[in-house]
Amino acid sequence: MSSDVLVEVDDFGILEPPPLAVDPEVEPRDPGIQPRYPGGPTVGGNITAGAGVDQSRGKIMFTNSIVATGEELAENLARAFRENRGVRGVQDPEALAVLASRYVAPAGLLEADGSGDPSAFDVLSERRLLVLSAPGHDCGQLSAALRLGHRLRDDEPELVVREELWEDPASLQADRLLDEHEPAVVVLDLRGVAADDLRSVARELAGLNARLDDYESYLVVIVPSMWCREFEARVPGRTRVLRQPPVDEVFQRYFRREEAINREFLSRLEAMWPPQIAAIATAAREALERGEELPAALDLALQQEPEERLDRLRAAVRTKQDERDAEWVAMLLAVAALEGAPARHIVRAADELSKASGGSVAPQEESALLRPSPLSRLRILAPERDDPWIDLTTGLFAHRGYGSMVLQYFVREHDDLRDALKAWLGRLPNELKDLEREELERLADRTADLAVSGDLQLALQVARKWAQTGTGTASGGHRTSMAREDQYRRSVAVRLLTTIATNPSGGSEIRKRLWEWSRGNDADLLLLTAEVCAGLGLLFPRNALTRLKHLANSAEPSVRAAVIRGLRQIGQAHGLPHLLRALEGWFDEAGPQRIGVIVEAVSVVIEDPRQGSDTDEAIASFWRRALAVVGPNELRPLVEQWLRTASLQESDERDAKVESLVEAAKHDARLIASLEWASRFGPLQPDLSQFGSDPVASVIAQLWTRLDEVNPIAVEE
């Protein structure tokens, strides 16, 4: 493992992402694992109902080196996916097994509850469709769905468990959602989908249910509670509402201490769902580890409830505004955006915010000798006589979760500051050019927090600002810049949009905008979209591929290179057959740019020795389509790479690779002729002795022999 990647493991052995966009009520990550910002608040952890892993609120895994450029960015995303595959999208079986071993199942989920009604698992296993809901928005619905998927795998180990993102009503078509070559438990989270789309799903669900048998697959649809009745009317007997697991079990699971907890304290948690309980248990354990007595630790934990913290923030801001202390307010917001950064960066960010809001808080002394240091100015947030807002030694808030809360509070309750905040966030990477990687990551994540809490336009506006290069017009009057500084800034926008694009609440709007950008001609937006889709494809390849297909038509070399990186990552992460099944449809009405992208991307993927079986029908089908559409000269690089890869493999694998080509051209003289010509690389002559000791010569000879054997013209003669 590379030394610049910090892999963090949560309570359940699931590889855990750094802090990313979450709702205010989602609890922090387990502090028992060393956070990326030592001692600091980390939000966006994977804690959910029944001590499972809630992956429902727009979290996506990233390594510490996610803010990178070009090829480096692609490699980091690919590596992060391999190391974190249990987080979103296609679920790793081992991660599911760990989840199952830790999960506290509520009554009626896996086993019947004695009421006479079948359990949720019984409904899913017998009818292949389950509509799952819960009384609240964040009650662990996704973890419950994954737990059901794992239970199905006990009986059908070949099942793949994967989450899919909602796109549009057409995405519910069986041939788009399901794969006849890959039986699956598909989870579709519709909690953030518009009412009209939910009605469309309800209408179409019965028809889709009828096709699940054909694909040997299962479907779990997560819907808001107020829609249960309509879905039950459309697909009777398939709706179940998630219940609370035992409060004491959930608390003890996260508390992980031997101290006995009195019933009076636990009774105060009875109205809470596990995400809130987990946050309180974690805070209580931290307090004990700091030396607090148990009663005080429990009281302090309860004080960390979102409403308690928000009331304190609101009162403090009001007091400082009454005192006309603009510097305090600017400094608080700067820490919220760049938490953990050095004092000099926070102070400069505060000064930039003052400019954006039409004022000035920076000291105006003429001599630098009289100017207070950044740390001295920052000290106003940590007065010795009061409970400090920040820890001056780390630049972190004294209490976890305050950073996102501060920004969301100002955007939500101070309308007159909203435009200034947008402008400020958009300018920071340009004005503070020496920001470190972690600071830029935090800036992207906090902007994502704002977006998913109700201001998606902010994210789009800021991302476009970060991605902008050159001096061209929106019609694509300039080429994209690959300067290190521009790539570095653009990578922050990639992180921001990729995070939000996978969020069920706001992701559909971002994905819609990515779709529009992929069909446009703004060079900067095309490149930004391509790099976002490269990351998106690691988790949700179907969503990414529909956009990458259009991006492959670009005449901009940097855009096509990003598309190729994205396709390579999809192939390496999900297997060559999966990639080829998707790319087969790309040949329709394909121009030379797209053809070139297909050939180069597949050539790179097939070099990987870990790819799937070459006997897969998807591979022969891809080659059949490629031979029918692509000229032999254009196809030659791909055929060469295929045969060279075969020449380095054992005999069985080598034979399989040759046979996949033969099968694609079998009994069609035109395809056979095209394939034979495409295989004449190198000296381009039938005299294979010119290859010398190169083992590819024997593979070419084997291919030609087999083509002669299946050539209908040769057979007739």
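This is a predicted model, so every value here is computed, not measured.
No salt bridge links Lys512 with Glu509; every basic N to acidic carboxylate O contact stays at or beyond 4.0 Å. Glu413 and Arg418 are not joined by a salt bridge, as no carboxylate oxygen comes within less than 4.0 angstrom of a charged side-chain nitrogen. Using a cutoff of 4.0 Å between basic side-chain nitrogens and carboxylate oxygens, Asp351 and Arg377 are scored as salt-bridged. Asp311 has a carboxylate O that lies under 4.0 Å from a charged side-chain N of Arg314, or vice versa, which qualifies the two as a salt bridge. Classification of Arg348 and Asp434 as a salt-bridged pair holds, one side-chain N sitting under 4.0 Å from a carboxylate O.
If you check the side chains of Glu167 and Asn543, you find a donor sitting under 3.5 Å from an acceptor. Judged purely by distance below 3.5 Å, without hydrogens or angles, the side chains of Glu556 and Ser558 pair a donor atom with an acceptor atom.
Residues passing the side-chain hydrogen bond (donor to acceptor under 3.5 Å, both in side chains) test with Arg318, sequence neighbours excluded: Asp322. Qualifying ring pair (Phe, Tyr, Trp, His ring centres under 6.0 Å) partners for His550, counting only residues two or more places apart in sequence or in other chains: Trp515. Applying the ring pair (Phe, Tyr, Trp, His ring centres under 6.0 Å) criterion to Trp586, with sequence neighbours excluded, gives no partner residue.
Test Leu536, Asp189, Asn503 against Leu165 for side-chain contact (heavy atoms from CB on, under 4.5 Å) and you get one pass: Leu536.
Closest of all the heavy-atom pairs between Leu528 and Ala467 is CD2-CB, 3.7 Å. The nearest pair of heavy atoms linking Pro541 to Ile570 is CB-CG2, 4.0 Å.
Between Leu392 atom CG and Ser376 atom OG the span is 9.5 Å, to the nearest 0.5 Å.
Between Tyr402 and Trp389, the ring planes are tilted. Angles from 30° to 60° get that label.
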